[in-house]
Amino acid sequence: MAATIQPGDLVALAGDDGRRVLVRAEGSAQKVRGLGILSPEKLAGLAWGATMEHGSGAWRLHKPGIADITAGLDRKAQIVLPKDASRILYECDVRAGARVVEAGIGSGALTSALAWAVAPTGRVSTYEIRADFAEHARRNLTLAGLAELVDIQVADVCAGIAERDVDAVVLDMPNPWDALDAAKKALRGDGHFCAYSPLVSQVERVRSALAERGFVDVRTLELIERAWTVHEQGSRPSHEMLGHTAFLTFARNSVET
Ligand code: SAH
């Protein structure tokens, strides 16, 4: 027999057009963003992988992975997209048990990916200057079941990072160079650093600040992703393409010998 959704499970409702809505299978009729009125408790007992007719569409019921969580997130600030988030996890070796510091939280998209990767024993500490973003992101993380892995500080990361000996510091903020002294103090001797920067001028500035502080293995890259439209009559790259997100600058800390 197919496994069924249990009361309280997080469910990704997947539309054919790529839409994702995250819902917990609990609670009576309510307005759900992207779905209209739904009784989430009615999802309990349905099979994972089944299709549910709702409104004018058909939705498949999926156990959410990190891709569904990111796609279903309620966004406020510009989020770090999967092409960049996945590379950050890879380059910074973010894995189960790792301790990661991040700024700022924005809508919590990158935070979710970091928390997903460090679970169940690691920790993400995130610094965010805006209390409203911190609150919004906390709601997203709670819905996704990731909030327990994340410490949110409403503070300017440039003023200092309390953590020590962390495995990675990841900065998505306009002036990462101003947070580098704090980042260096927080990192373990050979810890990983990443700055996510939309502008070349930011890359130049963060790179010279990294060099001044003895960071090594400094490298900058840009990822270009092209979706394809696939039909029986023929396949081609889709007309719309994500033009630019940001440059990723990676480095490792070093200590004096
Ligand atoms: N990575 C996030 C998006 C971050 S947007 C995501 O994937 O959803 C950049 C965030 O950095 C904003 O929320 C902004 O308020 C915050 N920020 C900017 N300067 C900061 C600073 N000095 N310290 C902490 N947070 C900062």
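Each ligand, and each atom within it, is numbered from 1 in the order the structure gives.
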Mind running ring pair (Phe, Tyr, Trp, His ring centres under 6.0 Å) on Phe215 and Phe193 for me, showing each step along the way?
CA-CA 9 Å; Phe215 279 84; Phe193 172 84; 5.8 Å; yes
Taken in chain and number order and not counting sequence neighbours, the residues that satisfy side chain to side chain contact (heavy atoms under 4.5 Å, CB included) with Ala117 are Leu89, Val94
Test Asp190 against Arg252 for salt bridge (Lys or Arg N to Asp or Glu O under 4.0 Å), laying out the working first. CA-CA 6 Å; Asp190 59 347; Arg252 288 191 85 153; 3.6 Å; yes
Heavy-atom count around Arg95 CZ within 6.0 Å, excluding the residue itself: above 12? no
Taken in chain and number order and not counting sequence neighbours, the residues that satisfy side-chain hydrogen bond (donor to acceptor under 3.5 Å, both in side chains) with Asp178 are Asn175
Any protein N/O atoms within less than 3.5 Å of an N/O atom in ligand 1? List the atom names and distances, or say none.
{"unit_1": "ligand 1", "atom_1": "1 (N)", "unit_2": "Asp172", "atom_2": "OD2", "d": "2.8"}
{"unit_1": "ligand 1", "atom_1": "7 (O)", "unit_2": "Val80", "atom_2": "N", "d": "3.0"}
{"unit_1": "ligand 1", "atom_1": "7 (O)", "unit_2": "Leu110", "atom_2": "N", "d": "3.1"}
{"unit_1": "ligand 1", "atom_1": "8 (O)", "unit_2": "Ser107", "atom_2": "N", "d": "3.2"}
{"unit_1": "ligand 1", "atom_1": "8 (O)", "unit_2": "Gly108", "atom_2": "N", "d": "3.3"}
{"unit_1": "ligand 1", "atom_1": "8 (O)", "unit_2": "Ala109", "atom_2": "N", "d": "3.1"}
{"unit_1": "ligand 1", "atom_1": "13 (O)", "unit_2": "Gly106", "atom_2": "N", "d": "3.4"}
{"unit_1": "ligand 1", "atom_1": "13 (O)", "unit_2": "Glu128", "atom_2": "OE1", "d": "2.7"}
{"unit_1": "ligand 1", "atom_1": "13 (O)", "unit_2": "Glu128", "atom_2": "OE2", "d": "3.2"}
{"unit_1": "ligand 1", "atom_1": "15 (O)", "unit_2": "Glu128", "atom_2": "OE2", "d": "2.6"}
{"unit_1": "ligand 1", "atom_1": "22 (N)", "unit_2": "Asp156", "atom_2": "OD1", "d": "2.8"}
{"unit_1": "ligand 1", "atom_1": "23 (N)", "unit_2": "Val157", "atom_2": "N", "d": "3.1"}
{"unit_1": "ligand 1", "atom_1": "25 (N)", "unit_2": "Ile129", "atom_2": "N", "d": "3.3"}

Taken in chain and number order and not counting sequence neighbours, the residues that satisfy salt bridge (Lys or Arg N to Asp or Glu O under 4.0 Å) with Arg24 are none
